[in-house]
Every structure is written in C-alpha cells, then in structure tokens.
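Structure first, commentary second.
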Protein chains: 2
Amino acid sequence: MKQKQLSEADIRAAFTSSARSVFRTLFQSGPATRPQLGSTLGLSRPTLSSSIAELFAAGYVEKIGEVQGPLGRKAAMYRLGPGAGHVVAIDAGSTHVRTRVATLDRRLLHHRVYRLSSNQRHLGAEISQAVAEEVEATLALTEPGWGKLRALGIALPSRVVADNAARAATGQENLFSHFTPPDGVPLLLENNVNCAALAEQSHGVAQGLEDFAYIQIGLKIGMGVVLGGRLIRGRSGAAGEIGHLPFPWGPGLRPQNAGLEDYVGAEALMQRTRAAWPQDAGAAPADAATLFALAGEGHAAALAQVKRHAEDIGAIVSACVGVIDPGIVVLGGGIGDNAIMLPYVRETVDRLSYPTEIHASSLGVDATVLGIEKIAADHACELLVGK
Amino acid sequence: MKQKQLSEADIRAAFTSSARSVFRTLFQSGPATRPQLGSTLGLSRPTLSSSIAELFAAGYVEKIGEVQGPLGRKAAMYRLGPGAGHVVAIDAGSTHVRTRVATLDRRLLHHRVYRLSSNQRHLGAEISQAVAEEVEATLALTEPGWGKLRALGIALPSRVVADNAARAATGQENLFSHFTPPDGVPLLLENNVNCAALAEQSHGVAQGLEDFAYIQIGLKIGMGVVLGGRLIRGRSGAAGEIGHLPFPWGPGLRPQNAGLEDYVGAEALMQRTRAAWPQDAGAAPADAATLFALAGEGHAAALAQVKRHAEDIGAIVSACVGVIDPGIVVLGGGIGDNAIMLPYVRETVDRLSYPTEIHASSLGVDATVLGIEKIAADHACELLVGK
DNA sequence: CTTATTATGTTACGCACCTTAACAAACAAA
DNA sequence: TTTGTTTGTTAAGGTGCGTAACATAATAAG
C-alpha cells in the first residue's frame with residue numbers, strides 16, 4: 001500500500017508543471033484540441049507536445065479524434081484516458097441509496113439506485129447496510145477499461161467533520177456499523193445538503209458562481225454555502241444548520257434550541273395547515289405534495305398556507321443575507337424547488353434584506369449524488385497532479 | 001501615469017519568483033536573516049543570494065544588522081527598504097478621524113487623531129471635510145526616507161461595494177463631497193467593522209485564524225466575517241449587516257425591516273433600562289457606559305439589564321453560527337468588549353448552537369485604523385510582487 | 001596563539017523546463 | 001498542381017533553480 005502510494009507520488013513528481021496543468025484543464029473542461037489547450041494555458045506548441053507525450057505514456061490522456069478547422073491541418077483532440085481512473089459516488093439518502101460511477105471528467109460509467117424499505121430519519125443501521133451492499137456490488141462489476149478506483153465519496157444525512165475528536169457527536173460514524181470501506185481507496189464523506197449545493201454550482205442554476213447559498217427544504221431544512229468558490233463547512237460541520245437559527249425571537253421571546261427546525265419542518269407545516277383548514281374547503285391535504293398541488297390549482301386555503309410558509313422561508317433567506325449576503329440563493333428539496341413559493345419568498349426578502357436573486361433548483365433527486373461525485377473527482381485529480 | 005505603472009510592472013516582471021517570495025515573507029513576518037528565509041521558503045543559499053541582490057538593487061530590502069548564532073559566522077538580517085514605500089491608513093469614524101502612516105511591514109511612521117466637533121451618525125460632509133484635511137496634512141509632511149506612497153486606505157461607516165453601479169445606494173460616495181483623492185495613488189475603501197475584524201486577525205484575539213466572526217456592539221451593531229482567511233464582503237457589501245436579521249420572528253410574528261438594529265442599539269437598550277428601572281434602585285443610568293459600570297459593581301438592576309442584553313447578543317451569535325459556524329466569535333465595540341457580558345453570551349450560545357469560543361476584543365479604538373492599514377499594505381505588496 | 005569546527009555567503013556548473021525559430025506535414029482554396 | 005494556412009516536431013537557447021566546492025567569519029579547544 002505504502003509502496004503503491006509512493007510510486008504514485010513519483011509519477012506525479014515526474015510530470016512537468018505544464019503536463020499537470022494540461023491534465024487539470026482536461027479534467028475541468030472536458031475534451032479539447034491541442035491548440036485550444038495551448039491558448040487557454042498560454043503554452044507553446046513544443047511544450048504541449050512534450051506534455052501530452054508525458055501524459056499519454058502514463059495513460060492519463062488519450063486521443064479521441066481529429067477536428068478540421070476552416071483551413072489548415074486537422075487538430076488532434078484529447079481527453080482523460082483510462083490511466084486516470086474513475087470514482088464511485090454514493091448518496092446515502094433517507095429513502096434511496098444512489099450510486100454513480102464516473103471518470104474523473106464526469107463521464108457516467110454506471111448508475112444504480114437502491115430503494116430503502118422505509119423512510120430513514122437518521123443515519124442508522126439500514127443505511128449502513130445498504131451502502132455496504134451497493135459498494136460491494138459496484139466494485140464487483142468494475143470493468144478493466146475504467147482504470148483504477150481513485151476515490152469513493154459518500155454523501156451523508158448528518159453533519160460531517162474531518163477532525164477525529166469531534167466526530168462522535170455528529171453521528172457520521174454510524175455509517176460504519178455495517179460498512180467497511182475498501183482498503184487503499186481514499187474515502188470522502190460530506191453532508192448531503194452541501195453536496196446538493198456543489199451540484200448546483202457544477203450542473204445547476206448556480207453554474208460557475210463563486211458565491212451563493214443553497215437552501216434545501218423538505219422534511220427537514222438545511223443550507224449549503226459556497227463563498228469564494230469554496231464550500232463553507234464550519235468548525236463543527238454546522239455551517240448551514242439553519243434549523244438552529246434563533247427562533248422564536250423577539251422582545252420578551254426566548255429562542256429555543258432547534259426551535260426553527262421544529263417550526264418549519266414539513267410535519268409542523270402540515271399540522272398548522274390542518275389546524276387552519278376551513279370547514280368548507282374540503283378535506284385537508286394529507287401531505288406537503290398534495291398541499292402544493294392544491295395551491296398550484298389556485299385553491300385559496302392551500303395558497304394561504306403556502307404563502308405563509310414562503311414568508312417563513314423568506315425570513316430564513318434574510319438571515320442568510322444578513323450574515324453573508326451571497327447575492328444568489330437557490331431553493332431546492334421536495335418543497336423548496338416548488339415555483340409557487342418563489343414570488344412570496346422574493347417579496348419577503350425584498351422587504352427585509354439587500355438585493356438577492358432567488359431561484360428554484362432544477363436538478364431533482366440526482367443533485368446530491370452529482371455533488372459528492374464532484375468532490376470525489378476533485379480529490380482524485382488533486383491526488384494525481386496536485387492543486 | 002500610464003508610463004509609471006508600466007515601468008512598475010516591468011520591475012515586478014524583472015524579479016525572479018524566489019525574489020518575490022522573499023519580499024512577501026519580509027512583508028508578512030517582518031525582519032529575518034538569510035538562513036531563516038532560506039529554511040522557511042525552502043530555497044538554497046545561492047538562490048537567496050541572488051534574490052536578495054535583486055531586491056537590494058531596487059531598494060526593496062535593506063540590511064539592518066547581523067545576528068550571531070551559538071557558533072559560526074554571523075547571519076545578515078534584512079527588512080523591507082525605503083524602495084518598498086509606505087501606506088496611509090485613515091479611520092473616518094463617527095467621533096474621530098484617525099490616521100496612520102506605516103511601511104508595508106507595518107512600522108509606524110506617523111500617527112495623528114482629529115476629533116470631530118459632534119457625533120456623526122452617518123458618513124456626511126463633516127467627515128469628508130476632515131478626511132480631506134487629514135490627507136493633505138499627512139501628505140505635506142511626507143519624509144523622503146519613507147519612499148513612495150503605495151496606497152491610501154480609508155475605513156468608512158457605511159457599506160462599501162467595488163461595483164460602480166451599486167455604489168449610489170451605499171452612501172459611500174458621500175466621502176467625496178469635500179475630499180478629492182490624490183492622483184496616481186490606489187485608493188482603498190472598506191467598511192469600518194470589516195477593518196476591525198481584520199485587525200483582530202493581524203493584531204488581536206483572532207491572531208492568524210482562518211475562520212472567525214467579529215461582532216461590534218456600540219451605538220449600532222455590525223459584524224465582520226473572515227472565512228478561509230478571506231474577508232467576506234457580500235454581493236452588496238452587506239455581509240455582516242446583522243441589524244437586518246429577521247426580528248421579531250416567531251409563529252404569527254412578522255419580521256420588520258432592520259427590526260433588530262432598532263431593538264439592539266444602545267439607544268433602545270437605555271430606553272428599556274429606564275423603563276424597567278426599579279423605583280428604589282436610585283437614578284437610572286444615563287448612558288450605556290454608566291449602566292455597565294453599575295453592573296460591574298454588582299448593582300442588581302443594572303446586572304439584570306446587562307444579562308438580558310447579553311442574551312440578545314447570544315441570539316445574534318447563534319444566528320451567525322447557524323449560517324457559517326465560525327468556531328470563534330470576537331465581541332468588540334464600546335459595549336461588546338465588556339467582559340461582564342461574556343458568561344451570559346456564552347450561556348445562550350451553548351444552549352442554542354454548536355460549540356463556539358467567545359472572546360472579548362482587547363484592541364480598543366485603534367482596531368479599525370489598524371485593519372484598513374493592513375488592507376492598504378496588502379494591496380501595495382500585491383502591486384509590487386504579485387500574489 | 002594556533003588549530004579545529006561550524007555556520008554563512010559566493011562561485012562554478014549542471015539540470016529541468018520553457019521559449020523562439022525553423023522545418024515538416026496535412027489540409028482547403030485557387 | 002500550386003499556394004497559403006494551420007498543426008506538429010526538431011533544434012537551439014535562456015531562465016531559474018539546484019548541488020558541489022570554496023571562501024569567510026565566528027566559537028571552542030589545544
């Protein structure tokens with residue numbers, strides 16, 4: 001193991017700096033011709049020639065064709081090769097375990113979804129068991145053409161901290177009750193909301209943005225913050241734990257621990273809805289999906305509930321703006337990505353805060369697994385050619 | 001002007017990368033011997049020799065003596081030279097305008113304080129006028145040994161944005177009603193609370209920390225956020241504008257615009273204090289300083305007010321933790337740096353949030369000017385030798 | 001006081017990595 | 001087929017750093 005790591009490091013050291021930056025460009029931006037690489041990186045043709053020769057010899061890049069410009073000789077096009085390897089990304093969610101296998105430059109190699117027998121409120125034994133099975137099944141069908149497995153990323157419905165000492169309190173260790181990570185493969189853990197935020201940055205509404213916040217509103221509520229292009233995790237992995245904002249709060253009102261989490265969750269929303277439901281408005285909706293469907297049809301009582309909830313969401317966004325002023329906030333999750341709430345959220349934020357764009361996510365259920373895939377790929381790339 | 005900038009850029013390009021990193025190290029860490037520089041930067045003695053020769057020829061560094069180790073030849077000690085130039089930093093505050101002139105490595109060359117005739121609540125004509133006079137007076141007494149003026153930094157009691165389009169709304173433009181910035185000198189503006197936060201990082205309680213929040217509590221309330229070593233400014237320069245946190249907020253309670261700012265300011269605090277002051281407790285304190293002095297002596301009624309205020313501060317800290325979980329929060333400002341509040345703030349934060357260290361600032365009135373000085377020095381250094 | 005030891009600084013030389021210049025190859029248009 | 005254009009390779013040179021060896025300047029030991 002140690003030996004392999006050493007030889008890996010030697011390979012990295014053997015690459016010239018220009019070769020490493022060529023690799024990074026192909027990693028970030030996908031296939032490119034030599035002239036494209038040269039102009040974006042500011043390298044001369046001879047340098048590119050030797051860089052690509054280096055990478056090609058190691059199998060890190062491969063030629064995938066030639067492109068004819070309007071005039072002159074064809075340009076050769078390259079992409080990452082099998083030597084670069086692949087990553088496995090897993091979203092250990094509350095209802096499904098989603099797995100993606102992909103090359104470092106994000107070409108999908110394999111996809112599978114495992115449905116949990118019941119809705120898991122916390123990271124526990126069943127999720128651990130399912131992850132163990134999915135990892136085993138995935139490793140079993142690994143094809144030679146995929147190259148080495150460079151990283152395994154798992155998105156968790158819990159706080160995640162790197163520091164060993166503080167881990168016990170997060171519950172992230174429950175992952176390992178029935179799952180033993182494969183040997184010799186870097187294991188990366190991240191909170192699922194943070195992953196969804198990163199997915200918005202790489203695939204979604206926040207594409208390429210350096211600063212934004214992502215708020216996920218479903219059964220529970222959470223936020224992922226990206227500032228200066230970097231995910232903000234917080235000392236205890238608690239950045240974005242907006243369920244802990246002070247609530248209720250006012251003159252003579254003492255905030256309660258996790259008071260907002262209890263108030264703004266889907267359960268509490270439906271409870272309030274049932275309590276306020278008029279006698280003559282038919283049966284009260286059984287779940288949030290029904291409530292929003294009714295509101296979408298213009299049902300007055302439903303709309304009133306949705307509007308009040310949206311105003312609460314708006315207050316949450318305002319708290320976020322008051323602290324970091326991200327400029328852009330993306331709403332996601334089963335309830336949050338619903339477009340009906342947008343105008344009311346915007347109204348509240350406009351009234352309370354500085355100018356902020358508010359968008360609804362369009363990524364759907366794959367957001368989290370795409371985010372953890374990106375984390376795994378980034379780690380693998382850094383491992384191969386440094387930062 | 002263009003020509004000068006060009007020649008400056010040429011000088012920078014002429015330095016080798018090792019010379020630039022030597023300059024940066026002397027800039028950041030102050031005087032150092034060659035062996036020290038070599039080991040911290042991982043450079044060989046010949047490389048250091050030529051680097052220092054380059055910098056010395058340009059006047060960017062100077063030899064300030066020799067240091068004798070326990071054995072062997074003396075080591076030469078260097079620091080930034082006159083060629084590196086100097087910066088002027090100004091804190092345009094509500095009661096005083098404080099000016100510091102310093103070398104890039106923060107050696108004080110000149111210091112002056114101008115007292116405003118009355119307490120200025122907003123950035124207006126009198127402050128602009130005072131800044132104009134202070135800048136003129138400072139430039140007049142510039143000594144040849146200081147070298148060129150590399151940057152002029154001004155800390156403002158308003159939001160600050162770089163973007164030209166959004167400037168009008170901030171009021172930062174009022175600075176220029178009576179003040180015309182000197183030609184050919186980079187002008188750097190920053191919010192005063194953000195400056196104080198940076199001062200905590202370079203001189204105060206948060207020394208060297210990558211992540212922390214600084215909350216200033218005085219007449220008004222504001223926060224400065226540093227994450228990943230970088231100051232978070234926000235899209236509209238509104239990061240840390242915690243007066244805009246949703247307040248009051250609870251079931252059936254509609255947050256008001258800037259509701260928290262009105263509630264938690266010194267004026268409102270004293271109003272509540274007077275209203276709640278018992279008949280038999282003597283005269284109610286006239287201002288916050290008196291209130292905290294009484295509380296310090298153990299006066300029960302005063303302590304009760306201080307405690308309630310501290311709990312409100314604790315809720316604010318919790319809002320900050322809920323969004324970014326900085327791990328460390330520094331309290332400053334005339335009210336905030338008071339140690340009496342600390343235990344109550346900590347109690348509230350412990351109850352509502354994840355583990356967070358809470359400290360009181362010890363920098364006093366010079367915090368802001370030290371912070372803007374650092375910003376100016378950083379900018380000057382980047383100008384000379386790049387990032 | 002001389003000699004040995006050690007740390008600092010300089011000179012000589014070589015290597016890694018990149019560039020420009022010149023040339024060869026491959027294509028479209030004339 | 002010729003011409004002009006773009007792509008890729010080969011050759012030669014320069015920059016920036018390193019190592020090795022030497023010169024210098026201090027302390028410690030005799």
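In what follows, chains are A, B, ... by sequence order, proteins preceding strands, each numbered from 1.
Across the protein-nucleic acid pair, B:Phe15 atom CZ and D:dT15 atom C1' stand 16 Å apart, rounded to whole Å. Going from atom CG of A:Leu37 over to atom P of C:dC18 covers 14 Å, rounded to whole Å. Residue B:Lys63 contributes atom NZ, which lies 14 Å from atom P of C:dT8 at whole-angstrom precision. Rounded to an integer number of Å, the gap from B:Glu66 CD to C:dA7 P is 17 Å. Atom CG of A:Leu55 is separated from atom C1' of C:dC17 by 15 Å (rounded to the nearest Å). With rounding to whole Å, A:Phe56 atom CZ is found 15 Å from D:dG8 atom C1'. For B:Gln36 and C:dG9, the CD to C1' distance is 16 Å, given to the nearest whole Å. Residue A:Arg20 contributes atom CZ, which lies 12 Å from atom C1' of C:dC17 at whole-angstrom precision.
Only B:Arg45, B:Pro46, listed by number, bring a heavy atom of residues 40-47 of chain B to less than 4.0 angstrom from any atom of DNA chain C.
Nearest nucleotide to the side chain of B:Ser18, out of C:dG9, D:dC17, C:dC27: D:dC17. Picking from D:dG8, C:dG9, C:dC27 the nucleotide with the shortest atom distance to the side chain of A:Lys74 gives C:dC27. Listed candidates were C:dA26, D:dT5, C:dT8. Nearest to the side chain of A:Leu71 is D:dT5. Among the nucleotides D:dG8, D:dG16, D:dA25, the one closest to the side chain of B:Thr16 is D:dG16.
Nucleic acid contact for B:Thr33: none, since no nucleic acid atom lies under 4.0 Å from a heavy atom of the residue. If you check every strand for non-hydrogen atoms under 4.0 Å, B:Ser50 touches nothing.
Counting distance only, with no hydrogens placed and no angle test, the side-chain atoms of B:Arg73 and the base atoms of D:dT24 include a donor-acceptor pair under 3.5 Å.
In this structure, the side chain of A:His86 engages the main chain of A:Trp146 through a donor-acceptor pair within 3.5 Å. Here the side chain of A:Arg233 pairs no donor or acceptor atom with the backbone of A:Ala239 at under 3.5 angstrom. Within the 3.5 Å criterion, the main-chain N or O of B:Asp378 finds no donor-acceptor partner in the side chain of B:Glu382.
Between the side chains of B:Gln207 and B:Ser202, no donor-acceptor pair is found at a separation under 3.5 Å. Side chains of A:Ser51 and A:Ser18: a donor on one and an acceptor on the other come within 3.5 Å.
Take the nearest nucleotide of DNA chain C for A:Ala19 and for A:Gly69: the residue whose nucleotide is more 5' is A:Ala19.
B:Leu149 has its side chain within reach of B:Leu139: a pair of non-hydrogen atoms, C-beta onward, lies under 4.5 Å apart.
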N/O donor to acceptor pairs below 3.5 angstrom from side-chain atoms of residues 25-34 of chain B, sequence neighbours left out:
residue : atom : partner : partner atom : Å
B:Thr25 : OG1  : B:Ser21 : O            : 2.8
B:Thr33 : OG1  : B:Gln36 : N            : 3.2
B:Arg34 : NH1  : B:Ser49 : OG           : 3.2
B:Arg34 : NH2  : B:Tyr78 : OH           : 3.2

